[in-house]
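Working notes for the structure below.
Every chain is numbered from 1, with letters handed out A, B, ... down the list of sequences.
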Protein chains: 2
Amino acid sequence: MAAKSQYEELARQLSAIGAVKRGLARILPVECPPGSAAVLTLLERHGNMRLSRLAELMAIDISVTSRHVAHVAERGWIGRSPDPGDKRSRILHLTDAGSAVLHELSLRTTDVLAHTLGDWSDDEVGQLNTMLARLRDSFGDCRSWTSAPHDCGALAPSGGPLTTSAIPATPA
Amino acid sequence: MAAKSQYEELARQLSAIGAVKRGLARILPVECPPGSAAVLTLLERHGNMRLSRLAELMAIDISVTSRHVAHVAERGWIGRSPDPGDKRSRILHLTDAGSAVLHELSLRTTDVLAHTLGDWSDDEVGQLNTMLARLRDSFGDCRSWTSAPHDCGALAPSGGPLTTSAIPATPA
DNA sequence: TATTGTTATACTCTATAACTATA
DNA sequence: TATAGTTATAGAGTATAACAATA
């Protein structure tokens, strides 16, 4: 268990890390926004899968995943084969064109990171990767959170919706 | 200098860490979206400042910052005092109500992180914080990136806008 | 009846551009 | 002329809800 100040600092860092993500997103081709890049990357890394599985891996709603998939499919970067065992779903797979895009993304990402993180050792980048993976794992699937994580009612002491004492009615 | 695969992995981790951020955002009061929380947090941490300085700290465009600030100001969480030395700008400062909201945010964040990261030691959370801070620092202000970071032309070998070979014209 | 996807709608965040006021 | 902010507009990402097809 860490100190309260460490948790607050982590919250700040996570909030601020968005700038890095945006920086990385800025180098993507116009036709391939971050959502599309994620779809391609996960298909390469985890192999063919159905939409619901992809939504799990991306930790976003299946409706959102559906749109990302439609975007890359329209461009011919993935294909959707019928699922032999379930006519409701299709199996997503990378196409050659998709692999080519992925290769391009890899080149750009590597270029940028090699420049910006030039003074990081391989081991240091590896440590960061390990900790980020663990962080995601610790959070699990936070999409299902309602008011409290793991422990139902954990947030009760904080006062559910902001109490009147903490947030005054809109002034002026 | 790290290996290419480490860079690719980092890109994946950063892409996926959004899920953690969303989980943390979900516990915020309805009236206080992430952008507002960031404004309050930075004012507490760095003290009173003008809008342009806040935009720098948030690493977002000043126009976006202006809207976030307007949101929290409308709720009385911050005040805008005239800048004695420059009538064009105002000095932003937390109000007591803003501090109360900040206290509430701290309670909720700490609750959630204490539960989800219960098996992390204080030192481990500290290490993650340190590395995230360094990562942000290494990236610098990536808002000004155009096609390449630090080195102008670094991305040239990747082929500027996606080449025809990598991205075929929209098929079918 | 339950599950897999798709689509419509709405909200947050961000960037660009045009504009006002002041330096 | 240059800078500090504000506002309008547009694009990306996500969530909820309603709906279609199949299990």
Report each atom pair, protein N/O against N/O of nucleotides 20-23 of chain D, whose distance is under 3.5 angstrom.
| residue | atom | partner | partner atom | Å |
| --- | --- | --- | --- | --- |
| D/dA23 | OP1 | A/Lys87 | N | 3.1 |

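- Of the side-chain N and O atoms in B/Arg22, one or more sit less than 4.0 angstrom from OP1 or OP2 of D/dT14.
- Not a single donor-acceptor contact under 3.5 angstrom links the side-chain atoms of A/Ser63 to the base of D/dT14.
- With sequence neighbours excluded, no residue satisfies salt bridge (charged side-chain N to carboxylate O under 4.0 Å, His left out) with A/Arg80.
- Remark: A/Arg26 is not in phosphate contact with D/dA12, judged by side-chain N or O atoms under 4.0 Å from OP1 or OP2.
- In this structure, the side chains of B/Pro33 and B/His71 come closer than 4.5 Å at one or more pairs of heavy atoms.
- Side-chain contact check for A/Phe139 versus B/Leu24: some heavy-atom pair is nearer than 4.5 Å.
- Salt-bridge check for A/Glu8 with A/Arg12: failed, with every basic side-chain N at 4.0 Å or more from each acidic carboxylate O.
- Of the candidate nucleotides C/dT6, D/dG5, C/dA15, C/dA15 has the atom nearest to the side chain of B/Val64.
- Regarding contacts with the backbone of C/dG5, a side-chain N or O of A/Ser52 is found under 4.0 angstrom from either OP1 or OP2.
- Remark: B/Asp83 pairs with B/Arg50 by the salt bridge (charged side-chain N to carboxylate O under 4.0 Å, His left out) rule, at least two apart or across chains.
- No more than 12 heavy atoms of other residues, nucleotides or ligands shown are found within 6.0 angstrom of NZ on A/Lys87.
- In this structure, CD1 of B/Ile17 is placed 17 Å from C1' of D/dT14, rounded to the nearest angstrom.
- Distance CG (B/Asp61) to C1' (D/dT7): 12 Å, rounded to an integer number of Å.
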Identify each atom pair where a protein N or O and an N or O of nucleotides 9-12 of chain C are less than 3.5 Å apart, giving names and distance.
none

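- Taking atom CG on B/Leu51 and atom P on C/dT22, their separation rounds to 17 Å, with Å as the unit.
- Side-chain N/O atoms of A/Arg80 include one lying less than 4.0 angstrom from OP1 or OP2 on C/dT6.
- Residue A/Ser66 places at least one side-chain N or O closer than 4.0 Å to OP1 or OP2 of C/dT6.
- Remark: C1' of C/dT4 and CG of A/Asp83 are 10 Å apart, rounded to the nearest angstrom.
- We find that NE2 of A/His71 is positioned 13 Å from P of D/dG11, with the value rounded to whole Å.
- The salt bridge (charged side-chain N to carboxylate O under 4.0 Å, His left out) check on B/Arg45 picks up A/Glu9, with sequence neighbours excluded.
- Between the P atom of C/dT7 and the CD1 atom of A/Ile62 lies a distance of 13 Å, rounded to the nearest Å.
- Checking B/Asn129 against A/Gln13 by side-chain atom types alone, no donor-acceptor pair falls below 3.5 Å.
- The side chain to side chain donor-acceptor pair (under 3.5 Å) check on A/Gln127 picks up A/Asp123, with sequence neighbours excluded.
- With a 4.5 Å cut-off on side-chain heavy atoms, A/His68 and A/Val64 count as touching.
- Per the geometry, CD1 belonging to A/Ile60 stands 14 Å off P belonging to C/dG5, to the nearest Å.
- Residue B/Arg90 has its side chain nearest to D/dT6 when only C/dG5, D/dT6, C/dA15 are considered.
- Between B/Glu56 atom CD and D/dA4 atom C1' there is a gap of 13 Å when expressed in whole angstrom units.
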